[in-house]
Asker: 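Supplied in structure tokens, the structure appears directly below.
Chain A is the first sequence line, chain B the second, and so forth, proteins listed ahead of strands; every chain is numbered from 1.
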2 protein chains.
Amino acid sequence: MNDVFEALAHPVRREILKLLRKRSMSAGELAEHFTIAKPTLSGHFAVLKKADLVTTERQGTTIIYQLNMSVMEEALAAFMQLAGMKGKER
Amino acid sequence: MNDVFEALAHPVRREILKLLRKRSMSAGELAEHFTIAKPTLSGHFAVLKKADLVTTERQGTTIIYQLNMSVMEEALAAFMQLAGMKGKER
DNA sequence: TTCCTAAATAACAAAATTATGAACGACGTG
DNA sequence: CACGTCGTTCATAATTTTGTTATTTAGGAA
């Protein structure tokens with residue numbers, strides 16, 4: 001869960017998640033939404049993948065990124081617990 | 001909101017929030033729960049304060065930290081929005 | 001195979017984060 | 001005032017993160 005909170009710390013990565021919320025996209029498509037260099041974005045992808053917030057699927061030469069909703073939900077639950085809104089007391 | 005997500009990225013800061021969820025505490029009381037040096041913890045306090053996740057109140061020589069629930073709720077709402085669970089579409 | 005494209009990896013620089021001990025400021029007491 | 005306590009700020013070091021360009025890998029087409 002630590003990886004997830006770290007992944008959420010960067011605005012570009014949150015934007016990536018927001019984009020993937022609408023639909024799955026290739027790395028190239030995602031890159032069109034940012035002005036940063038491809039390898040930089042690739043690094044952000046790696047952080048999101050390490051946190052298991054996204055999964056990948058290769059289609060020929062392109063790689064499709066998709067949001068991992070179950071982990072997003074787990075993260076939300078963890079946050080609610082931290083905030084004391086819901087879930088376990090401690 | 002960026003400051004909030006950054007503040008949540010470090011496990012010590014999340015633990016501080018969890019402790020403050022039970023009750024407000026002085027910096028010294030909080031320090032008893034960690035093995036790290038005081039100045040380090042003071043730095044974490046500053047990050048939480050910058051994110052407005054905590055507020056402070058001086059009582060003599062001690063400084064009481066208290067959780068800012070309204071910002072926690074705002075952060076939770078932002079997260080739900082990011083996850084597409086609730087709230088605005090974009 | 002050769003060429004082209006998509007994306008990741010390598011190598012590196014710059015900046016931010018995390019951490020510490022020492023010094024400092026604010027407060028209450030004698 | 002002098003002293004002790006509480007907590008922060010200062011100065012600094014080590015590590016991590018973020019970013020770049022150059023190179024490499026992987027796959028499809030000619």
Asker: What N/O pairs connect the protein and nucleotides 13-20 of chain C at under 3.5 Å? Give each pair on its own line.
Answerer:
from    : atom 1 : to       : atom 2 : distance (Å)
dT18(C) : OP2    : Arg13(B) : NH1    : 3.0
dA19(C) : OP2    : His44(B) : NE2    : 2.7
dT20(C) : OP2    : Ala37(B) : N      : 2.8
dT20(C) : OP2    : Thr40(B) : OG1    : 2.5

Asker: Between side-chain atoms of residues 26-36 of chain B and protein atoms elsewhere (two or more places apart, or another chain), which donor-acceptor pairs fall under 3.5 Å?
Answerer:
from     : atom 1 : to       : atom 2 : distance (Å)
Ser26(B) : OG     : Glu29(B) : N      : 3.1
Glu29(B) : OE1    : Ser26(B) : N      : 3.1
Glu29(B) : OE2    : Arg23(B) : NH1    : 3.4
Glu29(B) : OE2    : Arg23(B) : NH2    : 3.4
His33(B) : ND1    : Glu29(B) : O      : 3.1

Asker: Checking side chain to side chain contact (heavy atoms under 4.5 Å, CB included) for the pair Met25(A)/Leu20(A): CA distance, chi angles, key distance, verdict?
Answerer: CA-CA 7 Å; Met25(A) 281 191 220; Leu20(A) 292 179; 4.1 Å; yes
Asker: Mind listing the closest non-hydrogen atom pair of Ala9(A) and Glu6(B) along with its distance?
Answerer: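 Residues Ala9(A) and Glu6(B), closest heavy atoms: O-CG, 3.7 Å.
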Asker: Please report the shortest heavy-atom distance between Met72(B) and Ala83(A), naming the atom on each side.
Answerer: CE-CA, 3.6 Å
Asker: In residues 56-63 of chain A, what residues come within less than 4.0 Å of DNA chain D, judged by heavy atoms?
Answerer: Arg58(A), Gly60(A), Thr61(A)
Asker: May I have the step-by-step check of side chain to side chain contact (heavy atoms under 4.5 Å, CB included) for Leu8(B) and Leu8(A), ending in yes or no?
Answerer: CA-CA 9 Å; Leu8(B) 292 171; Leu8(A) 293 171; over 6 Å; no
Asker: Contact boundaries of DNA chain D with chain A (under 4.0 Å, heavy atoms), 5' to 3'?
Answerer: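 Contacts span dT17(D) to dG28(D), reading 5' to 3'.
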Asker: What's the NZ-P distance between Lys50(A) and dA8(C), to the nearest Å?
Answerer: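 My rounded result for the distance is 17 Å.
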Asker: Look at the aromatic rings of Phe79(A) and Phe5(A) and report parallel, tilted or perpendicular, splitting at 30° and 60°.
Answerer: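 Rings of Phe79(A) and Phe5(A): perpendicular, as their planes differ by over 60°.
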Asker: Who are the side chain to side chain contact (heavy atoms under 4.5 Å, CB included) partners of Pro11(B), not counting sequence neighbours?
Answerer: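 Only Asn2(A), Arg14(B) meet the side chain to side chain contact (heavy atoms under 4.5 Å, CB included) criterion with Pro11(B).
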Asker: Of all residues at least two apart in sequence or in a different chain, which pass the side chain to side chain contact (heavy atoms under 4.5 Å, CB included) check with Glu73(A)?
Answerer: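 Glu73(A): side chain to side chain contact (heavy atoms under 4.5 Å, CB included) contacts with Met69(A), Met85(B).
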Asker: Expressed as a whole number of angstroms, how long is the span from Ile64(B):CD1 to dA26(C):P?
Answerer: 19 Å
Asker: Less than 3.5 Å apart, which donor and acceptor atoms pair up between the side chains of residues 40-63 of chain B and the rest of the protein, not counting sequence neighbours?
Answerer:
from     : atom 1 : to       : atom 2 : distance (Å)
His44(B) : ND1    : Arg13(B) : NH1    : 3.1
Arg58(B) : NE     : Gly60(B) : O      : 3.0
Thr62(B) : OG1    : Gln59(B) : O      : 3.2

Asker: Is any side-chain nitrogen or oxygen of Ser42(A) closer than 4.0 Å to OP1 or OP2 of dT9(C)?
Answerer: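 Looking at the OP1 and OP2 atoms of dT9(C), neither is under 4.0 Å from any side-chain N or O of Ser42(A).
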Asker: To the nearest 0.5 Å, tell me how far Leu82(A) CG sits from Met1(A) CE.
Answerer: 11.0 Å
